[in-house]
Amino acid sequence: MRKLTLAAFLSLVPIASSATPLSSALPGAEIRGQASLRYLGVKIYDAKLFTKGGSALDWSQDFALELTYKRNLSQYDLVEATLREMSRMGNAMPIRTQLETCYQAVAPGDRYLAISSGPDQLRFWRNDRAACTLSQKGIKTKFMEIFLGDNSRSRRFSRALLGQ
């Protein structure tokens with residue numbers, strides 16, 4: 001039986017691409033801020049806001065938001081919470097079907113990354129795999145205000161994400 005040398009073994013192992021959805025879709029992105037969302041003391045997710053060069057959020061520029069879940073949540077819970085918050089903020093949109101296609105149930109450690117592409121499109125990745133694209137007039141602001149808006153559910157959470 002022939003021995004497999006380290007060099008031969010390494011030649012058989014696929015090399016992972018260093019490009020991530022974030023670096024590919026938003027070159028130069030750096031963390032602007034991070035925060036944890038808790039409900040009744042229970043951590044639901046950790047969030048990171050990425051802007052170009054880590055600069056202050058400029059709603060006219062593209063940016064990204066990553067959520068890393070700490071609890072099990074069903075697809076229904078994710079869709080309903082999103083729609084409820086958008087409605088509460090006066091940003092209701094007919095996107096239920098799109099969200100149901102986009103969201104899957106999450107378990108601790110699962111990540112969703114949303115990257116804006118202009119004002120009318122958000123692209124989502126789940127655990128670094130393309131999940132969906134939401135396309136609606138003004139979707140970037142109407143969706144992202146849930147986390148970053150002046151009227152978000154937790155002003156402290158939003159301010160930490162914004163690096164304030």
Side-chain angles (χ1 to χ4, degrees), residues 20-26 29-52 56-164:
T20 65
L22 182 63
S23 65
S24 296
L26 195 62
E30 294 179 20
I31 293 177
R32 171 63 187 182
Q34 43 194 334
S36 296
L37 184 75
R38 296 177 183 275
Y39 181 73
L40 299 176
V42 176
K43 190 184 283 190
I44 307 299
Y45 55 74
D46 292 330
K48 294 178 184 174
L49 174 64
F50 297 89
T51 60
K52 290 187 180 178
L57 179 66
D58 177 347
W59 285 92
S60 69
Q61 299 294 314
D62 288 327
F63 59 90
L65 182 70
E66 180 182 70
L67 303 182
T68 302
Y69 290 88
K70 303 300 179 184
R71 312 288 302 165
N72 292 318
L73 295 170
S74 70
Q75 176 198 45
Y76 177 84
D77 290 336
L78 295 171
V79 170
E80 289 302 312
T82 300
L83 294 173
R84 189 172 38 252
E85 282 304 295
M86 289 178 75
S87 180
R88 183 187 68 78
M89 297 183 76
N91 292 332
M93 298 182 90
I95 59 170
R96 176 181 297 277
T97 302
Q98 290 181 53
L99 288 176
E100 288 171 345
T101 299
C102 186
Y103 291 160
Q104 297 175 23
V106 294
D110 283 335
R111 291 175 292 113
Y112 268 102
L113 174 68
I115 303 175
S116 66
S117 182
D120 303 329
Q121 191 174 79
L122 287 174
R123 293 178 288 166
F124 287 80
W125 285 262
R126 183 178 191 272
N127 298 329
D128 293 331
R129 298 183 90 144
C132 70
T133 299
L134 298 181
S135 297
Q136 287 276 337
K137 184 152 182 65
I139 188 70
K140 173 172 70 174
T141 302
K142 291 178 180 181
F143 180 88
M144 292 294 197
E145 278 187 338
I146 294 171
F147 309 96
L148 303 167
D150 292 334
N151 193 26
S152 70
R153 184 71 63 181
S154 171
R155 187 67 187 135
R156 183 182 326 173
F157 173 84
S158 297
R159 290 178 60 84
L161 276 178
L162 293 167
Q164 300 175 345

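Here the structure is a predicted model, which is why all the values come from computation and not from measurement.
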Closest approach of Asp120 to Gly138 (non-hydrogen atoms, all atoms of both residues): OD1-N, 2.7 Å
Test item: Thr68 and Tyr45 side chains (from C-beta on) under 4.5 Å apart, heavy atoms: no
Expected output: side-chain Ser116 to main-chain Phe63 donor-acceptor under 3.5 Å: yes
Minimum heavy-atom distance between Gly109 and Asn127, given as atom pair plus value: O-OD1, 4.1 Å
CA sep, side-chain torsions, deciding dist, call: Lys142, Gln136, side-chain contact (heavy atoms from CB on, under 4.5 Å): CA-CA 10 Å; Lys142 291 178 180 181; Gln136 287 276 337; over 6 Å; no
Point-to-point distance, once rounded to the nearest 0.5 Å, from NZ of Lys52 to CG of Leu26: 5.5 Å
Asp46 side chain reached by Gln34 side chain, heavy atoms, under 4.5 Å: no
Straight-line distance of Thr101 OG1 to Gln104 CD, nearest 0.5 Å: 10.5 Å
Worked check of salt bridge (Lys or Arg N to Asp or Glu O under 4.0 Å) between Glu80 and Arg96: CA-CA 8 Å; Glu80 289 302 312; Arg96 176 181 297 277; 2.4 Å; yes
Side chain Ser23, main chain Thr20, donor-acceptor under 3.5 Å: yes
Gln75 side chain vs Tyr103 backbone, donor-acceptor pair below 3.5 Å: yes
Gln121 to Ser135 - nearest heavy-atom pair and separation: NE2-OG, 3.4 Å
Separation of Leu37 CG from Arg71 CZ (nearest 0.5 Å): 12.5 Å
Atom CZ of Arg88 with >12 non-hydrogen neighbours under 6.0 angstrom: yes
Value rounded to 0.5 Å, distance of NZ in Lys140 from CD1 in Ile115: 12.5 Å
Heavy-atom check, side chain of Leu22 versus side chain of Glu66, under 4.5 Å: no
Any Asn91 side-chain heavy atom under 4.5 Å of Thr141 side chain: no
Closest approach of Ala64 to Leu113 (non-hydrogen atoms, all atoms of both residues): CB-CD1, 4.1 Å
Candidate list Val106, Asp128, Leu67, test side-chain contact (heavy atoms from CB on, under 4.5 Å), partner Arg111, passing option: Asp128
From CA spacing to verdict: side-chain contact (heavy atoms from CB on, under 4.5 Å), Glu145, Asn151: CA-CA 8 Å; Glu145 278 187 338; Asn151 193 26; over 6 Å; no
Side chain Lys70, main chain Arg38, donor-acceptor under 3.5 Å: no
Within-4.5 Å side-chain heavy-atom neighbours: Asp58 and Thr51: no
Lys48 with Glu30: basic N within carboxylate O range, under 4.0 Å: no
Leu78 backbone acceptor or donor facing Thr82 side chain under 3.5 Å: yes
Point-to-point distance, once rounded to the nearest 0.5 Å, from OG of Ser117 to CG of Asp62: 5.5 Å
Chi angles and distances behind the side-chain contact (heavy atoms from CB on, under 4.5 Å) call for Met93, Leu134: CA-CA 11 Å; Met93 298 182 90; Leu134 298 181; over 6 Å; no
Point-to-point distance, once rounded to the nearest 0.5 Å, from CG of Leu162 to CZ of Arg32: 7.5 Å
Taking every non-hydrogen atom, the tightest pair across Phe157 and Ala47: CZ-CB, 3.7 Å
Short side-chain to backbone donor-acceptor contact, Ser158 and Phe147, under 3.5 Å: yes
Test log, rule side-chain contact (heavy atoms from CB on, under 4.5 Å), inputs Arg155 and Asp150: CA-CA 7 Å; Arg155 187 67 187 135; Asp150 292 334; 3.7 Å; yes
